[in-house]
Amino acid sequence: MSLLSIRNLKVTLRTPQGPVYPVQGADIEVAEGKTRCLVGESGCGKSLSMLAVMGLLPAGASIEAEQMHFAGQDLRTLTAKTYRRLRGPGMGLIFQDAMAAFNPVLRIGDQLAEAYRTHRGGSRRVAWQKAVHWLDRVGILQPEDKARYFPHEFSGGMLQRAMIAMTLITQPRLVIADEPTTALDVSVQAQILALLRDLQRSEGVGLILITHDLGVVAEMADDVSVLYAGKTIEEAPAKVFFDRLSHPYSQGLKACTPNWRAGPRPVEPIPGLPPPLNQRHQGCAFRYRCAKAMQICDQLPQMQPVGERHRVACWLTQRDQEITNAQTGEQP
Ligand SMILES: Nc1ncnc2c1ncn2[C@@H]1O[C@H](COP(=O)(O)OP(=O)(O)OP(=O)(O)O)[C@@H](O)[C@H]1O
Ligand code: SF4
Ligand SMILES: [Mg+2]
């Protein structure tokens, strides 16, 4: 069942230089208890799309969307107050900089307990027990002692675990993890990802995982969405994503990712740069970098289904699909 369903999300930011349009058609669907990975190059609007979902955009930002549903609620109708109540038990955010998530002068256990009491109520004693329980769940050894530590007494990996505990202690139905392991070394990164996956499965939460690392996608994803210049251009189940990528940008993303399993092979960077953000897309935003661009690519392609849970926004894919349908006699 769908937990989060976002269609054609657009975010406009006001800057002294005029409006910018960093998100111009993001589609994001997360099923209950499943993981969707968001990939795309730096600056393509992954974080801002998620901040829009969480109701945490910077002041002056505005959003439009065809659909913005979370657990049966229309997020577009929420006030700041109802959004505050939804965060915590509804949706939680784990981000890259764990240190920034904690107040440096308060003990870790007190901060976890406070997060619990804010959203779930109960006595200080019960909230403290919950804090210790969750530090234990995320693999912090001697959790009763460690709950009395201050953030600077934790290592980077321990802090990341504590931030996961602080997010999960309120038992959210959706967790958004924005590059949660980028700042950690590879062995700690693997531990944190394994922990997130285990907790996500045991707690049955929906997870959106933003990552640059296709190895992480292979480990974690049920479904994958590719964003380019603020627009979702392909979404697919993870297996299809790796076997039958369709959009030329998704193919380029894969080709420029080093793969140590495949042995030494040259990576192929995608030539050119994404378009500036101060204009709305008129045609396909990838057309200046796409070796397969055609005249029709001056018009904006919409996301079209090409298989089960697989949709692509590309004129070439659409044309190939029409040819296949004509050959097999299938209706589009
Ligand atoms: N407050 C802001 N004012 C102006 N531009 C902004 C602001 N926040 C983000 N942007 C711009 O919006 C674009 C999208 O930003 P976003 O942080 O969503 O990218 P991202 O896909 O998360 O990138 P990364 O992979 O580097 O984290 C970027 O070009 C960024 O510079
Ligand atoms: S729509 Fe055209 S320019 Fe865009 S990715 Fe497809 S073929 Fe390339
Ligand atoms: Mg980001």
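As the structure lists them, so they are numbered: ligands from 1, and atoms in each ligand from 1.
- Looking at atom 2 (Fe) of ligand 2, its nearest protein heavy atom turns out to be Cys297 SG, 2.3 Å.
- Among the backbone and side-chain atoms of Ser42, none of the N, O or S atoms lies under 2.8 Å from the Mg ion (ligand 3).
- For Leu277, every heavy-atom contact with ligand 1 shorter than 4.0 Å involves the side chain, none the backbone.
- In the model, Arg76 has no side-chain atom that pairs as donor or acceptor with a side-chain atom of Gln67 under 3.5 Å.
- Side-chain contact of Thr79 with Thr82: a donor-acceptor pair under 3.5 Å is present, judged by distance alone.
- The shortest N or O to N or O distance between Val20 and ligand 1 is not under 3.5 Å.
- Of all atoms in ligand 1, numbered sequentially from 1 with element shown, those under 4.0 Å from a heavy atom of Glu179 are 25 (O), 27 (O).
- Proximity of atom 30 (C) of ligand 1 to the protein is not indicated, since no non-hydrogen protein atom lies closer than 4.0 angstrom.
- With respect to atom 4 (Fe) of ligand 2, the closest heavy atom belonging to the protein is Cys284 SG, 2.3 Å.
- When only modelled atom types and interatomic distance are considered, Ser225 and Arg36 share a side-chain donor-acceptor pair under 3.5 Å.
- Among the backbone and side-chain atoms of Cys314, none of the N, O or S atoms lies under 2.8 Å from atom 4 (Fe) of ligand 2.
- Considering backbone and side-chain N/O atoms, Gly40 never comes within less than 3.5 Å of an N/O atom of ligand 1.
- In the displayed structure, Ile323 atom CD1 is contacted under 6.0 Å by more than 12 heavy atoms of other residues, nucleotides or ligands.
- Gly18 and Thr15 get closest at one heavy-atom pair: O-OG1, 2.6 Å.
- No side-chain heavy atom of Val39 sits less than 4.5 Å from a side-chain heavy atom of Asp213.
- Regarding atom 1 (S) of ligand 2, its nearest protein heavy-atom neighbour is Trp315 N, 3.3 Å.
- The distance from ligand 2 to the heavy atoms of Lys292 drops below 4.0 Å at these ligand atoms: 7 (S).
- For His212, the closest heavy-atom approach to ligand 1 falls below 4.0 Å.
- Among the candidates Leu168, Ile176, Leu196, Asp178, the single residue satisfying the side chain to side chain contact (heavy atoms under 4.5 Å, CB included) test with Ile94 is Leu196.
- Inclusion of Ser49 in the set of residues having an N or O under 3.5 Å from an N or O of ligand 1 is not warranted.
- Of all the heavy atoms of Pro22, the ones lying under 4.0 Å from any atom of ligand 1 belong exclusively to the side chain.
- Aromatic ring pairs are classed by plane angle as parallel below 30°, tilted from 30° to 60° and perpendicular above 60°; the pair Tyr249 and Phe286 is perpendicular.
- Using a 3.5 Å distance cut-off with no hydrogens or angles, the side chains of Glu234 and Ser250 do pair a donor with an acceptor.
- Taking a cut-off of under 4.0 Å to the non-hydrogen atoms of Cys44, the atoms of ligand 1 that pass are 19 (O), 21 (O).
- Across every non-hydrogen atom of Arg309 and Asp222, the tightest pair is NH2-O, 3.8 Å.
- Not a single N or O atom of Pro58, backbone or side chain, sits closer than 3.5 Å to an N or O atom of ligand 1.
- Between His310 and Arg244 the shortest heavy-atom distance is CE1-O, 3.6 Å.
- Under 4.0 Å from ligand 1, heavy atoms of Leu48 appear from its side chain as well as its backbone.
- When only interatomic distances are considered, the shortest N/O to N/O separation between Thr15 and ligand 1 does not fall below 3.5 Å.
- Remark: Arg137 qualifies as a cation-pi partner of Trp134 under the 6.0 Å distance and 45° angle criteria applied to the six-membered ring.
- In terms of protein heavy-atom proximity, atom 8 (Fe) of ligand 2 is closest to Cys290 SG, 2.4 Å.
- Atoms of ligand 2 found under 4.0 Å from any heavy atom of Pro248, numbered from 1 in the order shown, are 5 (S).
- Among the atoms of His247, no N, O or S atom is found under 2.8 Å from atom 6 (Fe) of ligand 2.
- Comparing Lys46, Met50, Gln96 by heavy-atom distance to atom 21 (O) of ligand 1, the nearest is Lys46.
- In the model, Arg124 has no side-chain atom that pairs as donor or acceptor with a side-chain atom of Tyr116 under 3.5 Å.
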